[in-house]
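Below: the structure, in structure tokens.
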Amino acid sequence: IRLYKDVGSTVEAFEQAKQEGYTAAKSGFITVDKNLVRPAYAVREAARKLEAVRKAVGDDFDIAIDAHGQLTTVMAVDFCTRIEELRPLFVEEATQLEDLGELALLRSKTKVPLATGERSFTKYGFAEYCSRHLVDIIQPDATKCGGLTEARRIGWMAQDHGILMVSHGWNTAVGVAADLALSAA
């Protein structure tokens, strides 16, 4: 089972993950200033940080990005199109997961792999992501989506639509164990 490390958005944090033997790491990259996202600054700085990290870790290290649903549609399109050449592993929650139209618009504007699902529950919460091919990767959390059986159903549905699944491990012993069991299955 391949794991990635959740790190800060600094070059040093990614280099440390690489030194520890990881082949991928994930960070937020989007800058929040006193609980306020300043659109042009946030997008520009996040792209700049990502470019520096890519240069430092090289082409064979995967960089995942978690936008935490903080971006507006315009910001998400701007950010994802700016970073296409940097080849991120995925951008997670680039938009609010409840607005499928917003996600469809982003999907039509970028080649960056999109991921979502940690806040979706049961297979019904994932059905439109898969049937409409809105994302490239779904991320069910076995402790939130209805358990291991429901998570496997979600994985099979994604597979039927050519969508990858990366279980969303939460940082608790039970959550990690559940997501490792799901990944192994």
Side-chain angles (χ1 to χ4, degrees), residues 1-6 24-30 37 43 46 50 62-84 86-185:
I1 297 170
R2 183 179 185 211
L3 302 175
Y4 61 79
K5 185 175 184 180
D6 204 344
K26 180 174 85 170
S27 184
F29 286 99
I30 305 301
V37 177
V43 168
L50 179 60
D62 283 323
I63 303 168
I65 302 159
D66 191 346
H68 301 288
Q70 294 176 317
L71 305 177
T72 65
T73 306
V74 172
M75 289 173 69
V77 169
D78 186 13
F79 179 64
C80 289
T81 55
R82 280 182 191 235
I83 65 168
E84 284 177 351
L86 299 172
R87 297 165 327 283
L89 181 61
F90 57 77
V91 176
E92 178 180 338
E93 293 190 338
T95 63
Q96 290 299 315
L97 71 114
E98 297 85 3
D99 189 341
L100 298 182
E102 182 180 43
L103 189 55
L105 177 63
L106 176 60
R107 169 75 296 145
S108 73
K109 302 281 186 189
T110 186
K111 298 181 288 188
V112 167
L114 300 175
T116 199
E118 72 178 272
R119 294 183 285 151
S120 293
F121 307 101
T122 76
K123 63 183 176 248
Y124 304 106
F126 290 87
E128 282 202 69
Y129 298 137
C130 294
S131 66
R132 293 176 56 188
H133 299 274
L134 297 175
V135 295
D136 304 282
I137 300 166
I138 57 160
Q139 301 169 296
D141 187 318
T143 63
K144 296 178 183 176
C145 72
L148 289 173
T149 301
E150 190 73 354
R152 288 190 68 187
R153 288 182 184 127
I154 292 165
W156 293 327
M157 178 175 37
Q159 183 180 15
D160 289 345
H161 290 89
I163 296 170
L164 299 175
M165 184 179 83
V166 175
S167 59
H168 186 270
W170 188 243
N171 200 15
T172 66
V174 172
V176 170
D179 284 308
L180 285 173
L182 174 61
S183 294

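Start at 1 with the first residue, then count along the sequence. No experiment lies behind these values; they were computed from the predicted model shown.
Rounded to the nearest 0.5 angstrom, Gln96 CD and Leu103 CG are separated by 11.0 Å. Taken to the nearest 0.5 Å, the CG atom of Leu100 stands 9.5 Å off from the OG1 atom of Thr116. Here the CD1 atom belonging to Ile1 is positioned 5.0 Å from the CG atom belonging to Leu180, to the nearest 0.5 angstrom.
What you find for Phe121 and Lys144 is that their closest heavy atoms are CD2-O, 2.9 Å. Closest heavy-atom contact between Thr95 and Glu102: CB-OE1, 3.4 Å. Closest approach of Ala76 and Ala94 over heavy atoms only: CB-O, 3.6 Å. Closest heavy-atom contact between Glu84 and Lys111: OE2-N, 2.8 Å. Nearest heavy atoms, Ala178 versus Leu148: O-CD2, 3.2 Å.
Counting only distance, with no hydrogens or angles, the side chain of Asp66 and the backbone of Gly28 share no donor-acceptor pair below 3.5 Å. Under the 3.5 Å distance criterion, the side-chain polar atoms of Gln139 are left unmatched by any main-chain donor or acceptor of His168. Put simply, the side chain of Glu93 never gets that close to the backbone of Ala67: no donor and acceptor are under 3.5 Å apart.
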Exercise for review: Go through the steps for Leu50 and Ile65 under the test side-chain contact (heavy atoms from CB on, under 4.5 Å), then give the verdict.
Suggested key: CA-CA 9 Å; Leu50 179 60; Ile65 302 159; 3.6 Å; yes
- Might you work through the side-chain contact (heavy atoms from CB on, under 4.5 Å) test for Arg107 and His133, ending with a clear yes or no? CA-CA 9 Å; Arg107 169 75 296 145; His133 299 274; 5.9 Å; no
Subject >> Stepwise side-chain contact (heavy atoms from CB on, under 4.5 Å) check, Ile83 with Val91 >> reply: CA-CA 10 Å; Ile83 65 168; Val91 176; 3.8 Å; yes
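Taking the side chain to side chain contact (heavy atoms under 4.5 Å, CB included) definition, one finds that Asp78 meets it with Val43, Arg82, sequence neighbours left out. Looking at residues two or more places apart in sequence or on another chain, you find a side chain to side chain contact (heavy atoms under 4.5 Å, CB included) between Ser167 and Asp179, Leu182, Ser183. A search for side chain to side chain contact (heavy atoms under 4.5 Å, CB included) contacts involving Lys109 returns Val77, Leu105, not counting sequence neighbours. Applying the side chain to side chain contact (heavy atoms under 4.5 Å, CB included) test to Ala46 and every residue at least two apart in sequence or in another chain returns Phe29, Ile30, Phe79.
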Could you pull out all donor-acceptor pairs under 3.5 Å where a side-chain atom in residues 151-166 meets a protein atom, sequence neighbours excluded?
residue: Arg153; atom: NH1; partner: Glu150; partner atom: OE1; Å: 3.0
residue: His161; atom: ND1; partner: Met157; partner atom: O; Å: 2.9

Could you tabulate the donor-acceptor pairs under 3.5 Å formed by side-chain atoms of residues 123-130, not counting sequence neighbours?
residue: Glu128; atom: OE1; partner: Arg132; partner atom: NH1; Å: 3.2
residue: Tyr129; atom: OH; partner: Leu97; partner atom: O; Å: 3.4
residue: Tyr129; atom: OH; partner: Ser120; partner atom: OG; Å: 3.4

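The side-chain heavy atoms of Leu106 and Leu114, taken from C-beta on, include a pair separated by under 4.5 Å.
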